[in-house]
There are 2 protein chains.
Amino acid sequence: MPKKKVFELNPNISVDCVVFGFDLEKLNILLIDRGESQFVSNNSLALPGDLIYNNENLHQAAYRVLEELTGLKNIYLEQIGAFGDPNRISKEEDRLWLESIRDNPEARVVTIAYFSLVKMEDYPLKASSFAKKAIWIPVKEIEKLAFDHFEILQAAKIKLKEKIKIHPIGFNLLPEKFTLSQLHKLYESILDKELDKRNFRRKVQKMNLLKRLFEKQEYVPHKPSELYKFNEEKYQELAKNGFNNFGF
Amino acid sequence: MPKKKVFELNPNISVDCVVFGFDLEKLNILLIDRGESQFVSNNSLALPGDLIYNNENLHQAAYRVLEELTGLKNIYLEQIGAFGDPNRISKEEDRLWLESIRDNPEARVVTIAYFSLVKMEDYPLKASSFAKKAIWIPVKEIEKLAFDHFEILQAAKIKLKEKIKIHPIGFNLLPEKFTLSQLHKLYESILDKELDKRNFRRKVQKMNLLKRLFEKQEYVPHKPSELYKFNEEKYQELAKNGFNNFGF
DNA sequence: TTTGAAAGTGTAATAATGACACTCAGATAA
DNA sequence: TTATCTGAGTGTCATTATTACACTTTCAAA
């Protein structure tokens with residue numbers, strides 16, 4: 001008894017996305033508040049995700065979820081891995097929520113987790129722009145999430161750390177124009193440790209992916225900083241040869 | 001209409017394993033020959049894998065497949081990621097094979113791929129020990145595999161390369177007693193490039209995970225090599241601090 | 001006893017890393 | 001107008017890591 005396949009949700013396979021954003025101070029992730037009340041509770045927060053359709057591939061499914069959520073396209077997206085403990089729905093509130101949104105809430109689900117990097121400026125959170133409320137929460141403040149989403153977040157953080165050490169993906173989190181201090185703080189946030197200012201600057205200058213704009217910050221109560229942008233051409237050039245030199 | 005969950009195969013989720021072995025000369029992987037004939041054809045080779053049961057987690061499923069195949073337990077196993085293009089069953093021979101072994105051969109399947117490292121000496125291939133014939137094939141000779149398994153193999157090779165650069169997992173592929181030249185050749189096979197002999201030796205000596213046995217090779221037609229074994233205790237010690245120093 | 005084949009060994013030049021402290025430029029407030 | 005505050009920006013030196021490179025040794029087999 002083969003089922004019709006196309007345009008059907010697959011009850012057993014979902015994607016979940018860890019969307020990182022950087023507010024120039026700290027790392028945040030985008031979470032869905034499932035709660036009824038207007039107050040955010042740790043218990044009601046979940047990663048954005050959805051069951052996949054049988055006719056879309058996994059990346060497409062993740063893109064779809066992100067686009068529905070943020071309206072953004074061409075987002076940096078990378079698979080973290082598959083999570084699918086049979087007992088991942090162990091909390092009562094998770095069970096109830098699933099019953100409210102799924103046809104087959106009891107089904108065994110394996111979820112494919114992705115992480116994604118967005119420029120927070122491109123995604124200003126509009127008040128009630130979605131039925132499901134999406135909110136930015138600082139990564140450091142998250143202690144608990146729905147299902148196995150906390151575990152997925154830990155894996156996402158590790159993956160991001162590993163990746164940023166060998167590949168200059170940090171620019172996806174910064175505005176077009178940024179200062180070296182902002183880049184510095186970004187790396188410190190992701191790697192979760194202090195980096196010496198001068199050594200950091202030497203290193204990023206050497207990797208040769210920055211284009212100095214000869215513009216300065218304005219209206220800051222201190223010496224204004226030079227602005228830079230990411231040099232896309234140099235990136236493409238280096239990309240072929242594998243970026244050997246990013247050991248932070 | 002919730003289905004009974006326990007002890008049922010899930011028609012939508014499978015695991016596939018890339019089992020690496022090292023014959024002291026080159027890297028091999030363990031493949032299943034689906035062909036009827038006694039001659040191995042590239043077309044008939046597939047990664048070992050199976051649908052998962054709804055009551056087992058993904059790691060358990062991979063272990064189960066490996067144990068059924070090799071009889072080995074406590075195998076090094078690591079997830080590569082999820083693969084699930086809706087068109088992964090594009091070849092006619094794959095479709096036919098699925099029809100012969102699956103209840104629901106049309107189902108959309110997402111597979112979770114694992115790679116695994118075994119000591120080939122622990123797994124001497126017995127003639128016809130399995131209905132499905134399992135055979136070792138040198139990685140370099142593989143040009144084509146069933147479904148999307150060739151793509152999975154590429155991902156496995158990349159993952160293994162990345163991992164071995166930062167973590168001393170190579171020992172899982174070597175016999176208890178081994179020579180530095182064998183270790184050297186192993187790293188060259190995995191990284192697919194030549195490594196300077198003296199620099200390599202300096203580096204592995206510095207990482208301090210080798211225990212010299214003060215035994216020598218015998219009956220080799222050249223100067224016999226010192227034998228070493230892997231120092232498990234030192235490994236445990238270093239494991240906590242994160243192995244910073246393996247940049248090959 | 002000679003030969004073949006891989007084992008084993010050290011050094012020097014260059015590059016990368018880590019530690020460290022002061023001056024500069026602009027905004028704001030007195 | 002001057003003083004103060006804040007973060008921007010900069011260089012050097014010691015240590016460590018990396019790369020490149022060639023000859024001698026030991027055993028087995030002929």
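In this text, all values refer to a predicted model and were calculated from it rather than measured experimentally.
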Are Glu237(A) and Tyr235(A) close enough that a side-chain donor and a side-chain acceptor fall under 3.5 Å? no
Could you check how far NZ of Lys223(A) sits from P of dG26(C), rounded to whole Å? 8 Å
Take Tyr219(A) and Arg198(A), find for each the nucleotide of DNA chain C with the closest heavy atom, and name the residue whose nucleotide sits nearer the 5' end. Arg198(A)
Between dG8(C) and Arg201(B), is there an OP1 or OP2 to side-chain N/O distance shorter than 4.0 Å? yes
His222(B) NE2 to dC27(D) P, straight-line distance once rounded to whole Å: 12 Å
Please give, in whole Å, the distance from dG8(C) C1' to Phe200(B) CZ? 14 Å
Using only side-chain N and O atoms of Ser225(A), determine if any of them is under 4.0 Å from OP1 or OP2 of dG9(D). yes
Does OP1 or OP2 of dT17(C) have a side-chain N or O of Lys203(A) closer than 4.0 Å? yes
Considering every strand and a 4.0 Å limit on heavy-atom distances, what is the contact class for Glu218(B): base, sugar-phosphate, or nothing? nothing
Between P on dT16(D) and CE on Met207(B), what's the gap in Å once rounded to a whole number? 21 Å
Taking atom P of dA22(D) as reference, at what distance in whole Å does atom CG of Asp196(B) sit? 11 Å
Tell me if the side-chain of Arg202(B) makes a donor-acceptor pair with the base of dT19(D), cut-off 3.5 Å, by modelled atom types. yes
note: Glu226(B), atom CD; dC27(D), atom C1'; distance rounded to Å ~ 13 Å
First encountered from the 5' end of DNA chain D, between Thr179(A) and Pro221(B): Thr179(A)
Does Gln217(B) reach a base, just sugar-phosphate, or nothing at all? Heavy atoms under 4.0 Å. nothing
Strictly below 4.0 Å: does Ser181(B) bring a side-chain N or O up to OP1 or OP2 of dA7(C)? yes
Between Lys177(A) and Glu215(A), does at least one N-O distance fall below 4.0 Å, as a salt bridge requires? yes
Within this structure, what is the CG-to-P distance between Asn199(A) and dT15(D), rounded to whole angstrom? 16 Å
What about Lys197(B), does its side chain sit under 3.5 Å from the base of dG8(C) through a donor-acceptor pair? yes
Which residue is it: Ile169(A), Ile158(A), Ile190(A)? I am looking for the one with a side chain to side chain contact (heavy atoms under 4.5 Å, CB included) to Lys163(A). Ile169(A)
What do you reckon, are the aromatic ring centroids of His59(B) and Tyr114(B) less than 6.0 Å apart? yes
Let me know the distance between CG of Leu213(B) and P of dA7(C), rounded to the nearest Å. 17 Å
May I ask you to check whether Phe178(B) and Phe230(B) place their ring centres under 6.0 Å from each other? no
